[in-house]
Colleague: 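A single structure is presented below for examination.
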Amino acid sequence: MNYGVIVFPGSNCDSDCFHAIRDEIKADIQYIWHEESSLPSKLDVLIIPGGFSYGDYLRCGAIAKFAKIMPEIVRFANGGGYVIGICNGFQILTESGLLPGALLRNQFQKFICKDIFLKVTNTESSFTRDFQKQQVITVPIAHGEGRYFIDKQGLQSLEDNGQIAFQYVSKSGDLTSEDNPNGSLKSIAGIFNKNKNVLGMMPHPERCNFVNRESLKILKIS
Amino acid sequence: MIVITPEIIKEHGLTPDEYEKIKTLLHREPNITELGMFSVLWSEHCAYKNSKPLLKKYPTTGKYVLQGPGENAGIVDIGDGVAISFKIESHNHPSAIEPYQGAATGAGGIIRDIFAMGARPIACLDSLRFGDIAKNRQNRHLFEYVVKGIGDYGNCVGIPTVAGEVYFEDTYDNNCLVNAMCVGVVQSGDKVISPLYGPIVKGVAKGEGNLVVYIGASTGRDGIHGATFASVELTAESTEKKSSVQVGDPFQEKLLIEACLELLKTDCVVGLGDMGAAGLTSSLSEMATRGNHGMEIDVALVPQREKNMTPYEIMLSESQERMVVIVEKGKEQKVFDILKKWDLHAIVIGKVTTNNQFTVLNNGVVAADIPASALTDDAPIYNRPYTKPAYLELTSKYSISALPDINNGNEPLLTLLGTPNIASKKWVYEQYDYMVQTNTEVIPGRADAAVLTIKDTNKRIAVKTDGNGRYTYLNPRVGGQICVAEASRNVACTGAVPIAMTNCLNFGNPEKPESFWQLKEAVEGMAEACVTLNTPVISGNVSLYNESEIGSIFPTPVVGILGIFEGDYKSMTMSFKAAEDIIYLVGETFNELGGSEYLKTIHQTISGEPPKIDLSLEKELQALTIAAIKGGLVNSAHDLADGGLAVALAECTFEHKLGAEINLSNELALRNDCILFGESQSRILFSVAKDKQEAFEKIFKNFKFQNIGKVTSNNHLKIKVSDKILVDLSGHKMDDNYMNSIQKIMGQI
């Protein structure tokens with residue numbers, strides 16, 4: 001598998017993703033600058049990393065959607081290429097319309113950085129195939145605007161199409177408000193597009209290099 | 001033309017004698033721009049004019065030191081081409097007035113000092129001090145927004161905030177302390193170790209005709225006279241000085257980091273400097289002096305964000321996220337290209353000259369013309385008079401003999417665990433991204449110091465900041481020694497060898513003999529500790545004049561210690577790991593309660609002598625601790641600090657929800673409160689698997705240690721002293737007090 005990670009001005013998890021793929025997943029990866037007008041010809045998986053692209057001015061991810069590389073990313077995704085947006089990358093995917101819904105300010109206003117429990121809600125995707133259905137894994141979050149929101153109709157569509165990838169849960173796998181760190185609708189932490197080749201998630205699997213290493217498998221396409 | 005009057009001189013924080021000295025150096029009267037430039041560079045903040053003679057007492061060299069004090073930051077060589085640059089700096093006064101921006105720009109400033117050396121910043125640490133948050137809404141406000149300011153800045157710029165400390169004490173009412181440290185990685189030599197790190201670059205300007213290139217954000221009126229402001233006492237009028245507080249933009253900073261590190265991979269950079277305190281004036285004059293050259297710039301070329309700025313304002317502005325690069329003549333196009341890629345200004349504003357003159361033009365007309373060294377090297381130095389403060393007469397005589405001892409430690413322990421000074425700082429560090437860059441092997445709350453791996457190398461480091469204003473108030477010399485010893489002990493408890501130090505001296509007005517005595521004593525104590533513990537000082541900052549209408553703060557030195565792992569052994573954390581492990585208390589306990597958290601919280605008394613410390617014993621303890629961890633003999637290590645043994649034991653049980661059964665013998669017939677809550681120095685708590693007991697005891701054979709009990713699987717703490725139960729508490733109860741106390745208090749906002 002050949003990976004690429006997009007670098008926007010203000011991306012700050014690009015290098016973390018690069019190292020997670022190269023050093024942990026042991027696959028090839030290259031950086032792709034936001035002003036490029038084309039993607040590398042040999043590319044299977046594209047990561048849109050976390051950070052504060054363009055300073056997150058206006059709204060998280062709102063300026064990144066106008067980046068020069070963006071139409072290429074959309075074309076790549078629509079052609080079936082794998083795309084993973086993490087944290088700010090998830091925000092960029094919703095802003096650019098590759099994923100439905102929006103990410104709002106955390107319920108308690110504050111930025112939160114900590115390990116949380118995630119339930120793998122749908123294992124029928126190339127990102128989640130290596131997990132057991134309903135398996136509880138630990139992945140860290142670090143964001144101020146990660147409260148997932150979508151209208152009623154949108155939620156219905158997500159549920160009908162099995163697009164909910166991950167949900168915040170308790171250690172034993174229960175959906176509770178105490179274990180929903182940012183107030184996301186239905187405790188949603190990550191979603192797929194309909195074809196399940198695009199994944200957006202707020203938690204950072206690339207940060208599982210020391211502990212909870214099993215969660216790195218999200219980045220391993222199979 | 002503004003006429004310089006005695007009032008104007010005074011407003012600039014200069015004395016009549018200093019003004020005379022300026023005239024002598026210039027052989028004429030300065031104009032207003034020149035006066036402004038002198039005033040900022042001759043402030044305590046830039047010139048160390050009151051503290052320099054004391055700072056000379058620090059050891060600043062050693063086998064690891066590549067760059068000692070005097071540059072943007074110090075550097076130590078940790079082998080195999082890898083070096084670490086680090087420094088701590090204060091942003092106290094700006095944070096007291098505008099906590100969010102004050103703290104944010106404090107973080108931004110220290111980060112720039114690090115990448116100005118060519119290093120990639122990989123971690124930040126913060127030492128914060130506020131008034132009592134339970135008592136006072138203003139203190140909660142300061143605490144809330146300082147933490148938010150640091151978090152928002154560090155999180156956006158992508159540098160993890162990995163460790164630090166937070167204290168609350170009435171003395172910091174209206175004068176909070178915000179000390180930020182940054183740690184970066186740089187190549188020690190020519191060998192490229194990773195595309196992540198730059199080669200070392202210095203803040204020098206040399207080579208006639210080389211270009212002075214301004215990069216980063218444009219210049220506004222914010223922060224004018226920040227350095228002078230940092231060097232006066234806070235008064236009610238200070239709040240009117242709000243214009244002195246700068247506004248930070250972490251996004252610009254992130255771009256600057258990447259652009260500067262990319263620039264350093266080319267062959268066009270001669271020198272690099274941060275425009276920090278005193279802005280263009282200090283960065284340029286210091287670079288010229290270091291390079292033994294002069295400089296000529298035209299302020300009209302400086303990008304300005306406001307209209308009609310005068311040369312005075314441009315030279316003194318402390319607008320953030322600005323750097324200056326000295327570029328080899330003819331290679332400037334490379335600089336322009338890289339900065340354009342990052343969408344940042346890169347403008348030639350002048351050139352390096354051969355004479356030592358710092359010439360500032362405004363559209364070609366001379367606005368200031370000063371020998372660069374007059375601004376830097378010729379700043380006045382004062383040997384201030386000092387007197388031992390009278391309060392010490394009272395506090396040193398305080399005795400605990402009148403204090404009733406305790407027969408039950410449950411209530412005091414629960415109270416102490418919930419006191420904000422001891423309680424978990426989770427509320428703080430969960431607002432910081434402490435994991436970005438994926439180097440944080442040991443995260444906040446898990447050990448006595450943070451442990452970081454260094455990407456693309458086999459190196460690991462441990463870092464910690466520490467300070468104790470209360471001890472230093474009660475005995476500045478001992479307080480200074482303990483603050484170095486404790487930060488160093490914290491690092492040793494992870495298994496890393498402490499190798500170097502940075503420090504921030506937060507003290508009162510040095511012109512007051514009592515304050516100066518505190519400073520002198522503390523620095524001497526710290527210097528002694530640095531010599532014995534082998535941790536030379538490579539960088540630092542002095543923040544004097546920490547006084548408000550209620551008087552001087554407790555003298556508060558804060559130190560940051562860097563340790564390195566010598567090999568690939570496992571780093572150590574503080575939590576008990578397995579039931580049935582044996583618990584050892586290494587070190588000796590005395591009847592010492594002076595300056596303790598127990599005395600303050602339970603008996604509302606800040607008095608007595610702080611615990612004594614034997615520095616050579618401390619050195620040995622740390623060396624043996626590292627040896628035990630290296631040898632894989634221990635399952636946990638935790639330094640005994642605030643709240644003493646009982647608090648430390650409780651802290652060891654939280655992470656894995658284990659418990660402990662302790663039975664202490666009491667041959668010395670010590671008081672129960674001293675055994676449980678005393679803060680005697682040079683003590684560490686270890687848990688050891690049974691099959692490692694023999695080897696462990698062998699390591700500490702010449703040291704005082706006691707097998708005090710074992711780890712239990714039930715989440716409960718039982719402490720007996722001479723078979724009498726003093727503490728008998730469920731883990732759940734302790735955990736709730738410890739974990740949620742600060743959050744509950746802050747919920748009242």
Side-chain angles (χ1 to χ4, degrees), chain A residues 7-24 31 33-36 49-58 60 63 67 86-88 106 108-116 139-145 171 181 203-213 216, chain B residues 120-122 144 147-148 150-162 194-196 249-259 321 340-344 426-446 451-453 455-456 571 743 746-747 749:
Chain A
V7 184
F8 294 107
S11 291
N12 64 31
C13 303
D14 46 334
S15 161
D16 300 357
C17 291
F18 181 92
H19 284 86
I21 299 300
R22 192 194 68 183
D23 303 341
E24 313 294 340
Y31 292 110
W33 183 240
H34 69 114
E35 281 186 319
E36 297 290 337
F52 289 72
S53 55
Y54 306 93
D56 273 353
Y57 295 134
L58 194 60
C60 300
I63 305 178
I86 301 166
C87 202
N88 191 230
N106 291 351
F108 299 107
Q109 302 299 313
K110 288 188 170 38
F111 185 96
I112 311 167
C113 177
K114 64 176 181 182
D115 280 340
I116 45 89
V139 191
I141 55 166
H143 60 250
E145 301 185 26
K171 195 175 181 179
H204 289 269
E206 81 279 13
R207 295 185 178 190
C208 296
N209 52 328
F210 294 114
V211 288
N212 310 308
R213 293 177 53 86
L216 280 167
Chain B
R120 173 173 291 276
I122 62 159
E144 169 99 24
V147 170
K148 190 170 165 51
I150 291 169
D152 283 358
Y153 203 97
N155 298 348
C156 179
V157 81
I159 301 168
T161 301
V162 297
S194 161
L196 290 171
D249 179 351
F251 174 58
Q252 288 282 324
E253 181 105 336
K254 170 68 178 164
L255 301 183
L256 262 183
I257 295 175
E258 300 305 333
E321 293 91 22
K340 183 160 181 268
K341 172 185 161 188
W342 292 101
D343 209 10
L344 291 168
K426 176 176 84 155
W427 183 88
V428 178
Y429 62 73
E430 284 188 351
Q431 293 187 57
Y432 301 152
D433 187 341
Y434 51 79
M435 308 171 94
V436 63
Q437 298 196 25
T438 57
N439 292 318
T440 320
E441 182 178 307
V442 176
I443 62 174
R446 295 286 165 83
V451 176
L452 296 153
T453 55
K455 280 217 169 68
D456 295 342
S571 58
Q743 192 156 351
M746 293 309 288
I749 274 196

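Naming convention: chains lettered A, B, ... in sequence-line order (proteins, then strands); numbering from 1 in each chain.
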Colleague: Top residue by heavy-atom pair count (under 4.5 Å) with chain A, among B:Gln252, B:Lys254, B:Lys426?
Modeller: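 The answer is B:Lys254.
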Colleague: If you compare all heavy atoms of A:Asn12 against all heavy atoms of B:Val157, which two are closest, and at what distance to 0.1 Å?
Modeller: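 Looking at all heavy atoms of both residues, the closest pair is ND2-C, 4.2 Å.
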Colleague: Decide yes or no on side-chain contact (heavy atoms from CB on, under 4.5 Å) for B:Asn155 and A:His143, but give the supporting numbers first.
Modeller: CA-CA 9 Å; B:Asn155 298 348; A:His143 60 250; over 6 Å; no
Colleague: Would you check if A:Pro9 and B:Asp343 make a side-chain contact, meaning some heavy-atom pair closer than 4.5 Å?
Modeller: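 In short, these two side chains do not touch, never coming nearer than 4.5 Å.
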Colleague: Using heavy-atom distances under 4.5 Å, tell me whether A:Phe52 contacts chain B through its side chain, its backbone, both, or neither.
Modeller: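 Its backbone and side chain both get close to chain B.
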Colleague: Please classify the contact between B:Ile159 and chain A as side chain, backbone, both or neither, with a heavy-atom cut-off of under 4.5 Å.
Modeller: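 Neither part, no heavy atoms under 4.5 Å.
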Colleague: Can you give each donor-acceptor pair under 3.5 Å made by side-chain atoms of residues 437-444 of chain B, sequence neighbours left out, with the distance rounded to 0.1 Å?
Modeller:
{"unit_1": "B:Gln437", "atom_1": "NE2", "unit_2": "B:Pro121", "atom_2": "O", "d": "3.1"}
{"unit_1": "B:Gln437", "atom_1": "NE2", "unit_2": "B:Gly158", "atom_2": "O", "d": "2.9"}
{"unit_1": "B:Thr438", "atom_1": "OG1", "unit_2": "B:Lys455", "atom_2": "NZ", "d": "2.7"}
{"unit_1": "B:Asn439", "atom_1": "OD1", "unit_2": "B:Lys455", "atom_2": "NZ", "d": "3.4"}
{"unit_1": "B:Asn439", "atom_1": "ND2", "unit_2": "B:Gln437", "atom_2": "O", "d": "3.4"}
{"unit_1": "B:Thr440", "atom_1": "OG1", "unit_2": "B:Tyr434", "atom_2": "O", "d": "2.7"}
{"unit_1": "B:Glu441", "atom_1": "OE2", "unit_2": "B:Arg460", "atom_2": "NH1", "d": "3.3"}
{"unit_1": "B:Glu441", "atom_1": "OE2", "unit_2": "B:Ser571", "atom_2": "OG", "d": "2.8"}

Colleague: Go through the structure and list residues passing salt bridge (Lys or Arg N to Asp or Glu O under 4.0 Å) with A:Lys114, not counting sequence neighbours.
Modeller: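 For A:Lys114, no residue satisfies salt bridge (Lys or Arg N to Asp or Glu O under 4.0 Å) once neighbours in sequence are set aside.
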Colleague: If you measure from CG on B:Leu196 to NE2 on A:His19, what distance do you get to the nearest 0.5 Å?
Modeller: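 These two atoms lie 5.0 Å from each other.
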Colleague: Could you tell me whether the side chain of A:Lys110 reaches within less than 4.5 Å of the side chain of B:Trp427, counting heavy atoms only?
Modeller: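 In contact.
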Colleague: A:Tyr57 vs B:Phe251 aromatic rings, parallel, tilted or perpendicular, using cut-offs 30° and 60°?
Modeller: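 Correct class here is perpendicular.
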Colleague: Are the side chains of B:Asp433 and A:His204 in contact, using a 4.5 Å heavy-atom criterion?
Modeller: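 A:His204 vs B:Asp433: side chains apart.
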